[in-house]
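Structure first, commentary second.
Labels below follow one simple rule: chain letters A, B, ... track the order of the sequence lines, proteins then strands, and each chain is numbered from 1. The analysis underlying the following values was restricted to heavy atoms, covering all of them including side chains, and did not include hydrogens, waters or symmetry mates.
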Amino acid sequence: MSKTKAAGLSRRTFLKVTGAGVLAAAAGEGLLAGAARAQGKTLKIMQWSHFVPAYDTWFDGVFCKQWGQKHDTHVTVDHIAIGEVNARAAAEASARRGHDLFMFLSPPAAYEKLVIDHREVYEQVAKKHGKPIDLGHKSTYNPKTKKYFAFSDSYVPDPGNYRKDLWSQVGFPNGPDTFDDLRKGAKAIKDKLGNPCGLGLSQELDTNMAMRAVLWSFGGSVQDEHGRVVIRSPQTVEALKFVRALYRESETPEVFTWDPSSNNRGILAGRLSYVQNAISVTRTAEKENPEMSRQIQLVPALRGPVRRIASEHVMDCYVIWKFAENEEGAKQFLVDYIDAFREAFRASEFYNFPCFPSTVPDLKPLISNDPTASPPDKYKVLENVLAWATNIGYPGYASAAIDEAFNTFVIPTMFAKVARGDLSPEDGARAAEQELKRIFAKWE
Amino acid sequence: MALRSSTRLGVAMFAPALIYIAAVVGLPLCLAFLYSVGDVRVGSVGYHFVGLDNFRSVLRSPTFRRSLANSFVFTIVTQLIVIVCANLLALALRDRFRGRGFVRFLVLLPWVAPISLGAIGWKWLLDSIYSVVNWVLVHLHLVRPFDAPMWLGEPRLAMASVILVHAWRMLPFSTVILLAGLTSIPKDIPEAAAVDGAGFWRSYFRIVLPMMTPIINVAVLFGVIFTFTDMTVVYILTRGGPYDSTQVLPSLAFFTGILGSDLSEGAAISVFLVPILAVIAILMLRVAQKAEVV
């Protein structure tokens, strides 16, 4: 018995030692945290891992560092994957703890009651840089409560990306300009060369955007200006008929399988003739496949029978939680960030476009002559992006109901079911209306 | 009356497990019930009782009805595949042969590896562009390059894919259980049957299988619970697509509750699982008790 004790620890001693260790560790951590607080303020930021790594390098290592030094604040930036943003936000909201600044990638209207009114930030910024663009305003403002539930610094355009070599062979050297061009050209390419068109029909971000562009271009929409569900319309039926025809003539069932990166991979691998996506496609090609980079060119949103319009691809929306520990610091950070937005625009390689255009006064010359692009004026088509880019919820505001419809993929599901022939266009619109009305009723 | 020191120690040793279960299982379950009859959104600040409104709302949703049906298909077909294959594997791995340890290690790998990693691996194997499966089929000239099967893009193929991947994941678990059951059968019984002239199949179906029934039930019931409540495979492989044709209740609850911001409706969807799982759990406990007696 004594030998056993001498060789090891008794249970009682083990519990004492480990218990003391845990207490000591907890006390130590508390002391360290206390010491850190005593040294100055902290500002905690949560945002996505930017598609352009150079942006994060600039944001974390340059801007936040300098801002922290200037304001005697320790700034920490946590990055998460794009797909984790909403789940993380829900966790922070539920725990009423988390970061001072949280960045969403779509309008977070559902969180309105848990965030401050960001009007003050907008007003501060407006003094220097003027009013935000309509897209930013409609993505962050609730007209019923008159509250800004977020602050948008930037958005990401969603142009068409086409393979110039393929489209040239079927008589469209400058790519499609209208949805009619898209249908004719994509069919000709598939018939002649085998390459399918790449408009997604899956439950993911890019499909959400692409199908809204079709819907709006044909004159349909999820809601009207007053937030009433109007999906069931002759215009929606026409849009559904168009996508059904496009799918049957020019696509393959792969479009039902996609995640947000699939169409990027598809066109970069040389398979797809056309995709609708941010400039992530061309930027990746420039770095990894220069030959393909020369072939992939951009076109603005395609014109439909009614209008030329597309959604933003990503909408940066910062919120300051009501439970933020450093609310004032977070507000000041946003104001100062907008002051430095020209650097952000350049660091993002023209991915993030400003919601306050005066912050990048030389935007047009910059994107018209990019030495990394081939040709250097590849991104010139984006100079009039505000003429065709709009917000989720067009022609109304981005509301909580719109947010739920967006995140539960009602519109992609409607288009996919009709494209596959599971529902007629009329029945597809009717089913979507039923689902949308159910969602809208919940949020009234 | 003061507790004896051994009783106090017993309570102290048992308390962490009890607290853990109450905090990690009991509390969320109670919250789910509470949310399902309330109006809780991710950004809401209060709670209002709304009765069965959330249940009425989800029952009106065709997506919910489809997800409910998919959950049953997903669970039943997966378990059928798992039990048949686990029986075969257990029989193969029962006897000694060169490399048996290594084969057992390989069989266990899908269970040991994180399911998210395994599912991502399968996602690439079944990818629409980079699928190794399709690459082989194309190079064998069995399909054309632009006409390969879209494993995750056709509703039936997609459902078959998620079922097979989940079966791949669950197979080791059931195999280990059945292997344990198989090795516990006294050798003299099948040997006596063999002396009496019973062949492999007769011996298996008349002796081994009946003796294994309680343990197979345990494997099935655990498997049903794990499959019915799983959303990882569906979420990673298809995200419920194409157009909700592989959506199951757990993934729909996640999409609605967390991504769609409606915690109450997400909870109502989850709560639909409870009566089904409760019946299965009761069955499981009874069968486990029976197996213990055997």
Side-chain angles (χ1 to χ4, degrees), chain A residues 83 86-87 89-91 93-94 108-115 149 190 193-196 201-204 207 252-259 262 265-266 269 271-272 322 400 403-410 412-420 422-423 431 434-435 438-439 441-443, chain B residues 9 12 31 39-46 50 53-54 56-58 60-63 123 126-131 144-155 157-158 161 235-247 252 254-266:
Chain A
N86 284 10
S94 181
Y111 291 89
E112 183 176 331
K113 288 179 182 168
L114 284 184
V115 300
F149 53 79
K190 188 159 187 283
L193 306 164
N195 300 73
L201 285 166
S202 181
Q203 290 161 308
E204 50 90 27
T207 302
T252 70
E254 69 187 304
V255 294
F256 299 113
T257 75
W258 283 353
D259 60 33
S262 299
R265 291 197 301 273
R271 180 177 168 80
L272 303 173
K322 280 182 177 170
D403 189 34
E404 181 173 342
F406 183 80
N407 284 312
T408 51
F409 306 106
V410 177
T413 301
M414 172 182 76
F415 275 100
K417 283 183 174 173
V418 172
R420 282 282 304 184
D422 284 13
L423 291 176
Q434 186 189 346
E435 185 65 4
R438 193 180 69 81
I439 291 171
K442 290 190 300 181
W443 292 98
Chain B
L9 180 65
L31 272 179
D39 63 347
V40 186
R41 318 273 191 248
V42 285
S44 62
V45 290
V50 297
D53 284 0
N54 293 313
R56 285 191 204 100
S57 177
V58 294
R60 281 201 304 273
S61 167
T63 308
K123 188 174 172 63
L126 303 171
D127 184 74
S128 60
I129 300 165
Y130 298 109
S131 167
R144 288 181 296 164
F146 284 109
D147 200 24
M150 292 300 156
W151 302 103
L152 305 176
E154 296 276 0
L157 278 179
S161 298
Y235 185 73
I236 291 176
L237 285 188
T238 64
R239 289 175 67 87
Y243 47 88
D244 293 326
S245 58
T246 59
Q247 197 76 270
L252 182 66
F254 179 75
F255 278 117
T256 307
I258 304 298
L259 301 186
S261 308
D262 190 346
L263 292 175
S264 282
E265 200 165 292

- When the 4.5 angstrom heavy-atom criterion is applied to A:Lys322 and chain B, the contacting part is neither
- Query: Taking A:Gln434, A:Glu112, A:Glu435, A:Lys442 one by one, which has the highest count of heavy-atom pairs under 4.5 Å against chain B?
  - Reply: A:Lys442
- Would you name the heavy atoms of B:Tyr235 and A:Gly83 that are closest together and state the gap between them? OH-O, 4.4 Å
- If you count heavy-atom pairs under 4.5 Å with chain B, which of A:Gly194, A:Ala110, A:Ala91 comes out on top? A:Gly194
- Start with the C-alpha gap between A:Phe409 and B:Phe255, add the side-chain angles, then the distance that decides, and say whether side-chain contact (heavy atoms from CB on, under 4.5 Å) holds. CA-CA 9 Å; A:Phe409 306 106; B:Phe255 278 117; 4.0 Å; yes
- Pick one of side chain, backbone, both or neither for A:Asp259, based on which atoms fall under 4.5 Å of a heavy atom in chain B. side chain
- Heavy-atom distance under 4.5 Å between the side chains of A:Gln203 and B:Asp244, does that happen here? yes
- Message: Return the OH to CG distance between B:Tyr243 and A:Leu201, rounded to the nearest 0.5 Å.
- Response: 10.0 Å
- Within a strict 4.5 Å, meaning less than it, do heavy atoms of the A:Arg420 and B:Glu154 side chains meet? yes
- Message: Heavy-atom cut-off 4.5 Å, strictly under: side chain, backbone, both or neither for A:Phe406 against chain B?
- Response: neither
- Any side-chain heavy atom of B:Val42 within less than 4.5 Å of one from A:Tyr111? yes
- Which one, B:Arg239, B:Lys123, B:Arg144, leads in non-hydrogen pairs under 4.5 Å with chain A? B:Arg239
- Message: Is A:Leu193 in contact with chain B via its backbone, its side chain, both, or neither, using a 4.5 Å heavy-atom distance?
- Response: backbone
- Query: Does any non-hydrogen side-chain atom of A:Asp403 lie less than 4.5 Å from one of B:Ser261?
  - Reply: yes
- Message: The criterion is side-chain contact (heavy atoms from CB on, under 4.5 Å); which residues satisfy it with B:Ile129, sequence neighbours excluded?
- Response: A:Glu254, A:Arg265, A:Ala269, A:Arg271, B:Asp127
- Message: What I'd like to find out is whether the side chain of A:Leu114 reaches to under 4.5 Å of the side chain of B:Val45, using heavy atoms alone.
- Response: yes
- Message: Once ring-ring contact (aromatic ring centres under 6.0 Å, His included) is applied, do any residues pair with A:Phe415, and if so which ones, sequence neighbours excluded?
- Response: none
- Message: If I compare all heavy atoms of B:Ile258 with all of A:Ala90, which pair ends up nearest, and what's the gap?
- Response: CG2-CB, 4.1 Å
- If one checks every heavy atom of A:Thr408 against chain B at 4.5 Å, the contacting part turns out to be side chain
- Checking B:Ser245 against chain A: side chain, backbone, both or neither under 4.5 Å from a heavy atom? neither
- Task: Could you pull out the closest heavy-atom pair between A:Ala87 and B:Phe254, with the gap in Å?
- Result: CB-CZ, 4.4 Å
- Any side-chain heavy atom of B:Arg41 sitting closer than 4.5 Å to one from A:Lys113? no
- Going by heavy atoms in the side chains, are B:Thr256 and A:Glu404 under 4.5 Å from each other? yes
